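See structure below.
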Amino acid sequence: MSAVENQTNGTPDTPAGPLPEPLRFFGTTWVDHSGGYTVRRVGVAAGSLAAAAAACLVLRIAYDGLRIAEVGSFVSLLMVVMFAICSALAFRHTWSAFTTRPDPDRQASLRGLLSIGFIGSLLAYFLRSLTEAPGEGLHRAEYEKARAEYDRRVTRRSGNPSRKRRRSS
C-alpha cells in the first residue's frame, strides 16, 4: 500500500482544503515551481515568440498578395491598420487577463477582435512568460486567499479550547 492511500479502504487521500487551479502548459507546477517549471516557462516563451514570428510571416505573404492583386493602396493600408489596432487591443486584453479575471460576456463579444489580433495575444503571452507562468500571479493570489479562508474556518471550528465559553447551568 502506498503512502498516499487511505489505510481504511485503499482509496487515495484527497488533500484538505482548496486545490490550486491548473494553468495551461504548467498544470499545478506553478504552486511550488517544481516538475520542470523553468523549462516549461522557457518553452512557452520560445513557442509563443516563434508562433508570433510565423504569424507575421503569414501576414506579410497576405499583404504581398494584396499588392500583387493591385487592390489599391487604400485596401492595403486598411489591412495594415486593422491588424495593428486589433493586435494592440488583443495585447492589452490578454495582458490584463493575467491579473484580473475577464468578464465572460465581454470576452465573448471580443472573440472576433481577439482572433484578428492574435499576434498581440502571442506577444503578451511571450512577455509574461519571461517573468512567470502566464496567469500565475492571479491564480496564486486566488489560491492563497482560498487557503487563508480555509485555514481561518478550520481554526475557528477547532478553536482554542481556553477561549471557549462555558455554559452556565
Side-chain angles (χ1 to χ4, degrees), residues 14-69 71-154:
T14 55
L19 298 175
E21 188 176 340
L23 289 174
R24 180 181 299 151
F25 305 121
F26 295 92
T28 57
T29 61
W30 61 267
V31 175
D32 56 359
H33 295 185
S34 65
Y37 171 82
T38 305
V39 174
R40 290 179 191 205
R41 252 189 45 214
V42 169
V44 165
S48 59
L49 186 61
C56 287
L57 179 65
V58 169
L59 287 179
R60 171 66 186 187
I61 292 169
Y63 178 78
D64 285 344
L66 287 176
R67 195 170 43 86
I68 291 169
V71 293
S73 60
F74 177 72
V75 174
S76 297
L77 178 67
L78 193 62
M79 184 187 123
V80 170
V81 169
M82 176 196 62
F83 272 103
I85 290 172
C86 289
S87 290
L89 292 172
F91 179 91
R92 165 110 172 56
H93 180 77
T94 303
W95 191 264
S96 68
F98 294 142
T99 55
T100 58
R101 292 267 180 195
D103 178 33
D105 294 332
R106 184 169 182 260
Q107 184 85 7
S109 68
L110 291 175
R111 186 168 292 134
L113 182 129
L114 295 174
S115 297
I116 294 170
F118 65 98
I119 294 175
S121 292
L122 289 169
L123 292 176
Y125 215 77
F126 165 72
L127 290 175
R128 181 56 75 152
S129 62
L130 294 177
T131 57
E132 68 178 11
E136 178 182 346
L138 172 65
H139 285 77
R140 186 172 300 284
E142 290 174 349
Y143 177 62
E144 288 174 357
K145 181 180 176 185
R147 287 292 312 173
E149 179 63 30
Y150 175 79
D151 291 343
R152 196 171 27 254
R153 275 195 323 244
V154 168

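It should be emphasised that the depicted structure is a prediction, and the values quoted were computed from it without experimental measurement. All values below come from the heavy atoms of this structure, side chains included, with hydrogens, waters and symmetry mates left out.
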According to side chain to side chain contact (heavy atoms under 4.5 Å, CB included), who are the partners of [X], at least two apart in sequence or on a separate chain?
X      : value
Val39  : none
Ser129 : Val44, Ala45, Pro134
Ala88  : none
Val42  : none

Sequence neighbours excluded, every pair satisfying salt bridge (charged side-chain N to carboxylate O under 4.0 Å, His left out) that has a member inside [range]:
range            : value
residues 122-141 : Arg128-Glu132, Glu136-Arg140
residues 110-121 : none
residues 50-66   : Arg60-Asp64, Asp64-Arg67
residues 79-102  : Glu21-Arg101, Arg101-Glu142

Exercise. Is there any side chain to side chain donor-acceptor pair (under 3.5 Å) pair reaching into residues 42-51, and which pairs are they, with sequence neighbours excluded?
Worked result: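 Checked against side chain to side chain donor-acceptor pair (under 3.5 Å) - neighbours excluded - no pair reaches residues 42-51.
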For this session: Name all residues meeting the side-chain hydrogen bond (donor to acceptor under 3.5 Å, both in side chains) criterion together with Thr94; count only those two or more places apart in sequence or in a different chain, and write none if there are none.
Result: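 Testing Thr94 for side-chain hydrogen bond (donor to acceptor under 3.5 Å, both in side chains), a comparison that skips the adjacent residues, returns Ser121.
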Exercise. Within the distance-only criterion (no hydrogens, no angle test), does the side chain of His139 pair as donor or acceptor with the backbone N or O of Gly135 below 3.5 angstrom?
Worked result: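 Yes: the side chain of His139 pairs with the backbone of Gly135.
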Exercise. What residues form a ring pair (Phe, Tyr, Trp, His ring centres under 6.0 Å) with Phe91, not counting sequence neighbours?
Worked result: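 Partners of Phe91 under the ring pair (Phe, Tyr, Trp, His ring centres under 6.0 Å) test: Trp95.
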Exercise. Passes side chain to side chain contact (heavy atoms under 4.5 Å, CB included), Val71 versus Leu66? Steps please.
Worked result: CA-CA 6 Å; Val71 293; Leu66 287 176; 4.0 Å; yes
With rounding to the nearest 0.5 Å, note down the distance linking [atom1] in [X] to [atom2] in [Y].
X      : Y      : atom1 : atom2 : result
Met79  : Ile116 : CE    : CD1   : 11.5 Å
Leu127 : Phe98  : CG    : CZ    : 9.5 Å
Ser87  : Phe118 : OG    : CZ    : 7.5 Å
Leu49  : Tyr125 : CG    : OH    : 14.5 Å
Leu110 : Leu89  : CG    : CG    : 8.5 Å

For this session: Compare all side-chain heavy atoms of Leu138 with those of Thr99 and state whether any distance is below 4.5 angstrom.
Result: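 Side chain of Leu138 against side chain of Thr99, heavy atoms only: no contact under 4.5 Å found.
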Closest heavy-atom pair and its distance - [X], [Y]:
X      : Y      : answer
Gly35  : Arg40  : O-NE, 3.4 Å
Arg147 : Gly17  : NH1-CA, 3.8 Å
Thr29  : Ser34  : CB-O, 3.0 Å
Ile119 : Cys56  : CD1-SG, 3.9 Å
Leu19  : Tyr143 : C-CE1, 3.8 Å

For this session: Apply salt bridge (Lys or Arg N to Asp or Glu O under 4.0 Å) to Glu149 and Arg152, showing your working.
Result: CA-CA 5 Å; Glu149 179 63 30; Arg152 196 171 27 254; 2.7 Å; yes
For this session: Under the side chain to side chain contact (heavy atoms under 4.5 Å, CB included) rule, what do Phe25 and Trp30 come out as? Steps first, then yes or no, please.
Result: CA-CA 10 Å; Phe25 305 121; Trp30 61 267; over 6 Å; no
For this session: Could you list all the ring pair (Phe, Tyr, Trp, His ring centres under 6.0 Å) pairs where at least one residue sits in residues 35-55, not counting sequence neighbours?
Result: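 Qualifying pairs: Phe26-Tyr37, His33-Tyr37.
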For this session: Before giving the answer on side chain to side chain contact (heavy atoms under 4.5 Å, CB included), spell out for Leu130 and Arg41 the whole-Å C-alpha distance, their side-chain angles and the decisive distance to 0.1 Å.
Result: CA-CA 7 Å; Leu130 294 177; Arg41 252 189 45 214; 5.7 Å; no
